[in-house]
There are 2 protein chains.
Amino acid sequence: MDALKTVKTTARPIRRSTLHHSAVAELRAMILDGELPPGVRVPEVQLCEQLGISRTPLREALRVLSSEGLVELRPHRGAIVAPVDPNEIAAIFEVMDALERLAGTLACKNGLDTEFAKLDRMHDQLVAQHEAGERAAYFLTNRQIHAQIVAMARNPALEATYGGFATKILRARSLANYDAGRWQESVDEHEVFMTALRRRDAEEFGALLADHSRRTAVAVIQALQPVRAP
Amino acid sequence: MDALKTVKTTARPIRRSTLHHSAVAELRAMILDGELPPGVRVPEVQLCEQLGISRTPLREALRVLSSEGLVELRPHRGAIVAPVDPNEIAAIFEVMDALERLAGTLACKNGLDTEFAKLDRMHDQLVAQHEAGERAAYFLTNRQIHAQIVAMARNPALEATYGGFATKILRARSLANYDAGRWQESVDEHEVFMTALRRRDAEEFGALLADHSRRTAVAVIQALQPVRAP
DNA sequence: CCGTGCCAAATTGTATACAAAATAATGATC
DNA sequence: GATCATTATTTTGTATACAATTTGGCACGG
């Protein structure tokens, strides 16, 4: 048929050849891993030789991360890794609840059968990892499940916004000692909203997801308090 | 009057001394005003002499606008003003509906009495401008009303996200010939949700705002179609 | 006449050099 | 001895120069 065009824009074959692009990825990872803790100044030259690049691409990367909210730029005074403000996290979760609800509703409506099946498998894996006490693996699967739900919503704007908030929340989580008691609760909630998902009950699924998000918020923020007791 | 300072700090006394910061503002305005239409290539050197700056701050500005979604960066192939894709706008509105609902609900809960009164005054102004047929002024007031509602929600994350989407929607609106018949309808909807607001009925107000957003979406997307008829 | 390969021009990506501002460090004065 | 002013150092902001990649054109061969 149309074998004319082999162009095949395969979504993103774009090679990340540019240094500032890799620098963004690298710095973001460093911030998320806690290698660059919140509040620390980020001397440009030092990071330059650490990453083996020049100041130009590094500065471009810092500007991007700034507009993502991961670093703060003070004119003529250098950049600092954005501090994790519990109030800001609370605000983010407030929006996140709404996004989760929307994602759940849309996912029910727009998801493919294969995707629903995949979610089921991921959920089984999640439960298994919980029972096995594999904390790190559990968190990864958990994130993947929510990412999958968002992907099934078929809404790029939602996906991007969700991803940005998820990044910040992830950083807050890694800083706070997540309450162990919340773990079982969280798994239970997963169990419940999965039943709604299997019924393809869009409204209910969305509502349960929002609820799950809200409870997670409470736990995370509570775990965050000791760090910044007033 | 206040002839002392025309600075007009608006919550941010930070002097925009850096060139790349002003470049971001300048370019964003140029894109929103349609001076840089969607899809056009953006030769760096040309813009440089046009803005009277060097390539370094300009490139930093382009990276920021890229992460805002206003320009697209193709590695080694230059930057283009992001095209306005009706599908993307539809997706954005889908999220926007949820944000409007959230904003409305929170505004009812967290708004101050003086702010509610201010909204009332703005609404009166809106109606007057509609009756006077002052289209441009009406649109401005309309935006200000929604911005005020969002501000009353007391949620910076919501405000930032809302603002980003509003920018893109604004650009889509300016491109499309907004349907005249929708005007009266829109005013009527404002009238309705203002009554819910005066009752401080958070849920109802949020629902009506979301509804208003959804109807606006339909009108804007419809007006956008002729541009990209297949 | 059309396709392929190579070369040249233009444009982007990166590095470095210079200018301006902020922080520190020092010394003078009270 | 402490505080303020002034200077020196460091760090950021900007400009320019150089390297790498893409794009358009041209010649050559089919």
Side-chain angles (χ1 to χ4, degrees), chain A residues 2-10 12-28 30-31 36-37 39-68 70-83, chain B residues 7 9 12-28 30-31 36 39-68 70-83:
Chain A
D2 48 60
L4 289 173
K5 302 182 103 184
T6 14
V7 184
K8 192 185 196 180
T9 60
T10 50
R12 295 234 163 179
I14 301 170
R15 47 175 168 173
R16 297 290 197 73
S17 63
T18 64
L19 285 189
H20 79 265
H21 221 304
S22 350
V24 168
E26 194 69 31
L27 286 176
R28 188 161 32 210
M30 289 169 77
I31 292 175
L36 292 177
V40 303
R41 272 185 82 258
V42 186
E44 294 182 357
V45 278
Q46 178 183 323
L47 269 184
C48 282
E49 47 196 34
Q50 188 169 343
L51 295 180
I53 63 179
S54 158
R55 277 183 63 211
T56 308
L58 178 82
R59 283 172 59 82
E60 291 177 354
L62 284 178
R63 296 288 136 57
V64 172
L65 291 174
S66 166
S67 81
E68 285 181 15
L70 286 181
V71 308
E72 281 182 16
L73 254 42
R74 293 107 32 106
H76 293 284
R77 298 179 60 191
I80 63 172
V81 177
Chain B
V7 186
T9 57
R12 291 240 163 181
I14 301 170
R15 46 173 170 172
R16 298 290 197 77
S17 61
T18 63
L19 284 189
H20 79 265
H21 222 305
S22 350
V24 168
E26 194 69 31
L27 286 176
R28 188 161 34 209
M30 289 170 76
I31 292 175
L36 290 177
V40 303
R41 272 187 83 258
V42 186
E44 293 182 358
V45 278
Q46 179 182 324
L47 269 183
C48 282
E49 47 195 34
Q50 188 168 344
L51 295 180
I53 63 178
S54 158
R55 276 182 60 208
T56 309
L58 178 82
R59 284 173 58 83
E60 291 177 356
L62 284 178
R63 296 291 134 64
V64 171
L65 292 174
S66 165
S67 83
E68 285 181 14
L70 286 181
V71 308
E72 281 182 15
L73 255 42
R74 292 108 31 105
H76 291 284
R77 299 178 60 191
I80 63 173
V81 178

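- Residue A:Arg63 places no side-chain N or O under 4.0 Å from the OP1 or OP2 atom of D:dT12.
- Following rounding to the nearest Å, B:Leu73 (CG) and C:dT11 (P) show an atom-to-atom distance of 17 Å.
- Considering A:Leu70, A:Val64, A:Leu58 as possible partners of A:Val24, the one that fulfils the side-chain contact (heavy atoms from CB on, under 4.5 Å) test is A:Val64.
- Annotation: side chain of A:Thr56 is not in contact with side chain of A:Leu19 (no heavy-atom distance under 4.5 Å).
- D:dA19 atom C1' lies 17 Å from atom CD1 of A:Ile53, rounded to whole Å.
- Considering every non-hydrogen atom in both A:Val81 and A:Pro37, the closest pair reads CB-O, 3.5 Å.
- Counting only heavy atoms from C-beta outward, the side chains of A:Leu27 and A:Leu47 approach each other to under 4.5 Å.
- B:Glu72 has its CD atom 16 Å from the P atom of C:dT12, to the nearest Å.
- The separation between A:Glu60 atom CD and C:dG13 atom P is 8 Å, rounded to whole Å.
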- Query: In B/S/- notation, 5' to 3', how is nucleotides 6-11 of chain D contacted by protein heavy atoms closer than 4.0 Å?
  - Reply: -----S

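- Contact of the B:Glu72 side chain with the B:Pro83 side chain is registered, since non-hydrogen atoms from C-beta on lie closer than 4.5 Å.
- Contact check for B:Arg41 versus B:Gln46: no side-chain heavy atoms found under the 4.5 Å cut-off.
- Nearest heavy atoms, A:His20 versus A:Pro57: CB-O, 3.4 Å.
- The distance from atom CZ of A:Arg59 to atom P of C:dA15 is 14 Å, rounded to the nearest whole Å.
- In this structure, the nucleotide among C:dA15, C:dG13, D:dA15 sitting nearest to the side chain of A:Ser54 is C:dA15.
- For the pair A:Leu19 CG and D:dC18 P, the interatomic distance rounds to 20 Å; values are reported in whole Å.
- In this structure, B:His21 atom NE2 and D:dG13 atom P are separated by 10 Å, rounded to whole Å.
- Taking side-chain N and O atoms only, B:Arg55 has no distance below 4.0 Å to OP1 or OP2 of D:dA15.
- Rounded to a whole Å, the CG atom of A:Leu58 is 14 Å from the P atom of C:dT16.
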